[in-house]
Number of protein chains: 4
Amino acid sequence: MKDNLPLRIGLAGYGYWGPNLVRNFRSLDDCCVTHICDVDVTRLSQAARRHPGIRATHHFEDLTKDPDLDAIIISVPTALHYELGMQSLLAGKHTFIEKPLADAVDKGEDLVATAHELSLTLMVGHTFVYSAPVRRTREIIRSGEIGDVIYINAQRLNLGLLQPDINVVWDLAPHDISILLYLLQETPSSVGCQGKVHYLKGIEDVAGLWLHFPSGAFAMIQTSWLDPCKTRLINIVGSRKMIRYDDTEPLEKIKVYDKCVERGPYYTDPGQFQLAYHYGDMYAPWFDQPEPLKVECQHFLECIRTGAPSISGGTQALQVLRVLEAASISLRDGGKQVPITGGAKPALSQA
Amino acid sequence: MKDNLPLRIGLAGYGYWGPNLVRNFRSLDDCCVTHICDVDVTRLSQAARRHPGIRATHHFEDLTKDPDLDAIIISVPTALHYELGMQSLLAGKHTFIEKPLADAVDKGEDLVATAHELSLTLMVGHTFVYSAPVRRTREIIRSGEIGDVIYINAQRLNLGLLQPDINVVWDLAPHDISILLYLLQETPSSVGCQGKVHYLKGIEDVAGLWLHFPSGAFAMIQTSWLDPCKTRLINIVGSRKMIRYDDTEPLEKIKVYDKCVERGPYYTDPGQFQLAYHYGDMYAPWFDQPEPLKVECQHFLECIRTGAPSISGGTQALQVLRVLEAASISLRDGGKQVPITGGAKPALSQA
Amino acid sequence: MKDNLPLRIGLAGYGYWGPNLVRNFRSLDDCCVTHICDVDVTRLSQAARRHPGIRATHHFEDLTKDPDLDAIIISVPTALHYELGMQSLLAGKHTFIEKPLADAVDKGEDLVATAHELSLTLMVGHTFVYSAPVRRTREIIRSGEIGDVIYINAQRLNLGLLQPDINVVWDLAPHDISILLYLLQETPSSVGCQGKVHYLKGIEDVAGLWLHFPSGAFAMIQTSWLDPCKTRLINIVGSRKMIRYDDTEPLEKIKVYDKCVERGPYYTDPGQFQLAYHYGDMYAPWFDQPEPLKVECQHFLECIRTGAPSISGGTQALQVLRVLEAASISLRDGGKQVPITGGAKPALSQA
Amino acid sequence: MKDNLPLRIGLAGYGYWGPNLVRNFRSLDDCCVTHICDVDVTRLSQAARRHPGIRATHHFEDLTKDPDLDAIIISVPTALHYELGMQSLLAGKHTFIEKPLADAVDKGEDLVATAHELSLTLMVGHTFVYSAPVRRTREIIRSGEIGDVIYINAQRLNLGLLQPDINVVWDLAPHDISILLYLLQETPSSVGCQGKVHYLKGIEDVAGLWLHFPSGAFAMIQTSWLDPCKTRLINIVGSRKMIRYDDTEPLEKIKVYDKCVERGPYYTDPGQFQLAYHYGDMYAPWFDQPEPLKVECQHFLECIRTGAPSISGGTQALQVLRVLEAASISLRDGGKQVPITGGAKPALSQA
């Protein structure tokens, strides 16, 4: 990489999300998107029309083999993440893969190991960890203001966009899992999952997950492609205060409630607490809201330039993948708790 | 019972809910509340002050042994439901028990059998089946307007009122379970449950349930004593339309969305459907909202006078109990699905 | 009055609001409601049935002539306030009159002067000045937190309860006017009013008022009997912060926004300011919400016992009346500003 | 104009709104934006950078004198609308002027007459008449579903964007006035206005308008640059139903309430009606929501090609101007009603 030159970037997969990635990378000063690759003729010609001068190609190797390309963005169906990601890394390109990192933990481990070996930046599109309300929520939690996090209740519901290849857990839960790992700075020790198929054979369209964390925190996540109203809600119950993060609110996305259960004095019988409830003011912090995807794209460029680890790098993405895989096992096994192994504490805390 | 005289009623348990029962029965023309029984001196003297002329007593047998008393209302901790309920029935009194019917299925079966043998009305305080929005929702479902019910998502959350003797499942879920059984006219074939204890040893304060119904419908219920915002929400997804019932709304409690997933033509590969989404108008039906508890009290008097089965009679309450007991087993067993047996189709459909 | 005996109270007018007054006075320890007077046979017999032992009468003089009666509550149509209020005062009774004090300023002045002369408590039912959110709003304003109040925008809208004898201004605006006078501690110097008649000849059913205050504050009030949605909103714009008081919210009735226009440095041309906008956190203060009518009734008893002036006494109620009368003149005169005279600063600030 | 060639367009004024106009015209197939003119060096160089190949100029006559230019878009401060608009028309260019048409009625009349004489399209940027919810509301009204429109209550409030040259009436009210004229198909017969200056000398920052229409309808409009919460609300009360149009709602912008006052049988005394209230269902119609500005731009091109009158042409814009000018007179004159003359029925009904 040439230090003072703009980074040259190629994109693979100009479908639903790809155009957003191109638009955001294009809005940044120190990079240029030079290649777009897609197998679909219509999409590719659309890309060519919109971006005169770009190199539009059906062949992924036109990207990997171009010695001037610094990085490759992979925005294709999940099943292809591993194959294209590995080709990209082996060609020596910094690599950005849309979430989830891969469709299996072992493949994800392989990608992470390869990136590490070749000293390349590997980053995954867990966009929410770049959004202002999630970052502000994390600051509030880390400041100790709400006490210990004891319970989180997350919901991601709407009608639409059923996927033919992955179920609602793999489609929607990566958002909430990545947010929870980022907020709590720990990986769950076990996960359970229940779901139901209504429309596409073998593809759950509604599902619930529950996660036990080593700290004692407990989380429930609901995901659904079948719901009358768009819901993007995460309630965080602390031992001293509670946070409601409603991403569908245009302005007051975060509300902090000065509410909690107060334990009274300890009694002889260890199970006998005297309980009371504390009620106080609510506040909604003000903060600027830059577009999360733009922050994410900028962060990718910075990581490449500085070699610093990404806050949604391979390590973090692999933890998300471990939760997803364990959830899948639980889903097939009647909802029992499945332990999550191999997960070191994610490096998110270094951010 | 003397046909043209007001029914004479005694109440046991003048705690949190008891006064509401007294107030509502007192507002009805064809009955009079003549006895109030409580073990607590303060509460009993309060009852006496508020209701001059009432017989206030610490002894339950003052109620059972009074030959002029027609019916007994039992509003005491769940653990005592069976004992007092059985004494009441054996004394030949029509009996109203607060929800849940008992703390175990076998005790509930015993109560139901006894009431049946003695031809007495046994009714349980599942108040929501007497509320206008629940009744209207049932009418809409039964009319076929929303197609088949495929998925229900219920939430009952708030901060407060942790119970020392029963967990959040036994405290809050009876509401949603009784509503679901009333709406769907069927008992689930299996239930799973996950929860977590944060405050009182052995008493879960947050929990999730998922229920599979013989018709293929799937339901999730979330209950929590730890949440910043009061939530009383039931979303019902039909194959043609969807209903959102938000009990915290003052007026527009029910919204019917003309939204659904549309299957396209059938393909060779059985898993390959062509999906599309239909979006149309939303409407909120207007209806009067009498106080559900008053409707419930009236219904109890009617059942006594006519001998007709209650829509929240022992049979229905027993089904709720079977779900609760199975959920408890699942909760202790890591969340696995627990089959529900012995449940005939509830007689709710006769209403 | 006998110091250690409960005050004896009679009520005139057992229509829409009277029963609420009786219920609240009855819930207080140190008074007893002994008489109820109404011209309507049905209402009177209803009162007699509900309150066994009460003296129910068609003759107001049964109240004024009873030497044991300490106070009279007048809850009759506005046109009769003056006549009954004057009879009550001249009979030596402390007097509570529903809002507005009278239907003309000169009559109000007469009542106030008479009460003053006879050293009797005269109080008017401006209930909102006894409500927790209004009191909390006033505290926030008086603390200086929001800077100077520069603009208030109030709305009181709903479908229903058109009055046959008074227009929407006299029916609904007394609430907002009394609140504004209480919050700002000043009487407007002028008022304008526009309205329209749609249903009852000569009775405006929608109207707007605008009020200029000596401090420079400006207020708009909208009142309507014709609106699809119930609205009870008062926005208060200060030079440093803004308050939104939404009385239809169940819990978070008050929100304080840290938002304002910031003036930049002063320029040569006095009209040239450099403007910027400040945005900060919002908070919703927590406070208990006792029933305002109960607080009001208690306050009336205290004023009688201590002789202290009421915060909604004759003086304050007269200021409200002056605004209403001036608004009526403006309404008949095409909406022009009408000065308000004779108004000393209300004694509300002494509370 | 050459029939089968794209129309060539130049824009004057690349400030706050100009870039949106360029973006939308550029997204259309049958036109190209060839010139951008601005007096500001920074803005002009920004335009040049964003649109390589465009002719960026400081001189408006570079647009008027270019024989290949078909139309000119004028998006400059209101005070300059007349001068630039007239130059554009006299140069034979179809002309689009941002709202309001001009800063005085006589100038507006001059522009309209000139466009008519030269057979040129003159259109004004009253964007709301191109928005889906406004159009749907108009369809509902015209269908007769809500009966006669008797009252409209509009609010357009927010903190921010105080203008140094025009007051809040001229800045915000054109939106509501153009919507009302479009919905009701009539011009008010008189208008009153009250307002207050808080920040910029001589520039009202809050104001209320009330409008009497020949049909008997009455409307209130509130505009404010000083309000804690963004409000874009228009309530329309019909004799049979009511509509609530809340433009801040993302999806359910229109709600139709089956609510009204019902007149009872006629009595001898003509003022004595028996009133009742009707309450029924509410519904929110579903409709697509294309970007209104894009629809507006398309409409401008169509009007040029076909010669058809615009639904926000000079005639309609002139009516808006007449209301604004009369409101200004009322504002200076204490709020009295000011008649609106010279206003023929707007041609909007031809759309």
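Note on naming: letters A, B, ... go to the chains in the order of the sequence lines (proteins, then strands), and numbering restarts at 1 for each one.
By number of non-hydrogen pairs under 4.5 angstrom with chain A, the leading residue of B:Tyr257, B:Tyr279, B:Phe218 is B:Phe218. Counting heavy-atom pairs closer than 4.5 Å to chain B, the top-ranked of the candidates A:Lys255, A:Arg244, A:Gln222 is A:Gln222. The candidate from B:Ser330, B:Gly334, B:Gly202 with the greatest count of non-hydrogen atom pairs under 4.5 Å with chain A is B:Gly334. Here A:Gly195 is the residue among A:Ser190, A:Gly192, A:Gly195, A:Gly216 with the most heavy-atom pairs under 4.5 Å with chain B.
Side chains of B:His278 and B:Cys260 form a contact here, defined as non-hydrogen atoms less than 4.5 Å apart. A:Met282 is not listed as a side-chain neighbour of A:Lys259, based on a closest heavy-atom distance of 4.5 Å or more.
Of the residues A:Gln337, A:Gln194, A:Lys336, the one that meets the side chain to side chain donor-acceptor pair (under 3.5 Å) test with B:Gln194 is A:Gln337.
When heavy atoms are compared at a cutoff of 4.5 Å, A:Tyr277 approaches chain B solely by way of its side chain, counted from C-beta outward. The contact between A:Ala207 and chain B is made entirely by backbone atoms, counting heavy-atom distances below 4.5 Å. Proximity to chain A is absent for every atom of B:Ala219, based on heavy atoms less than 4.5 angstrom apart.
Among residues 225-238 of chain A, the residues having any heavy atom closer than 4.5 Å to a heavy atom of chain B are, in sequence order, A:Leu226, A:Asp227, A:Pro228, A:Cys229, A:Asn235, A:Val237.
Comment: A:Arg240 does not engage A:Glu145 in a salt bridge, judged by the lack of any side-chain N to carboxylate O separation of less than 4.0 angstrom. The residues A:Glu204 and A:Arg332 are annotated as salt-bridged, a charged nitrogen and a carboxylate oxygen being separated by less than 4.0 angstrom.
For B:Arg135, the salt bridge (Lys or Arg N to Asp or Glu O under 4.0 Å) criterion is met by no residue, not counting sequence neighbours. A search for side chain to side chain contact (heavy atoms under 4.5 Å, CB included) contacts involving B:Asp165 returns B:Pro77, B:Gln163, not counting sequence neighbours. For B:Trp170, the ring-ring contact (aromatic ring centres under 6.0 Å, His included) test picks out no residue, with sequence neighbours left out.
Side-chain atoms of A:Tyr283 and A:Asp281 include no donor-acceptor pair closer than 3.5 Å.
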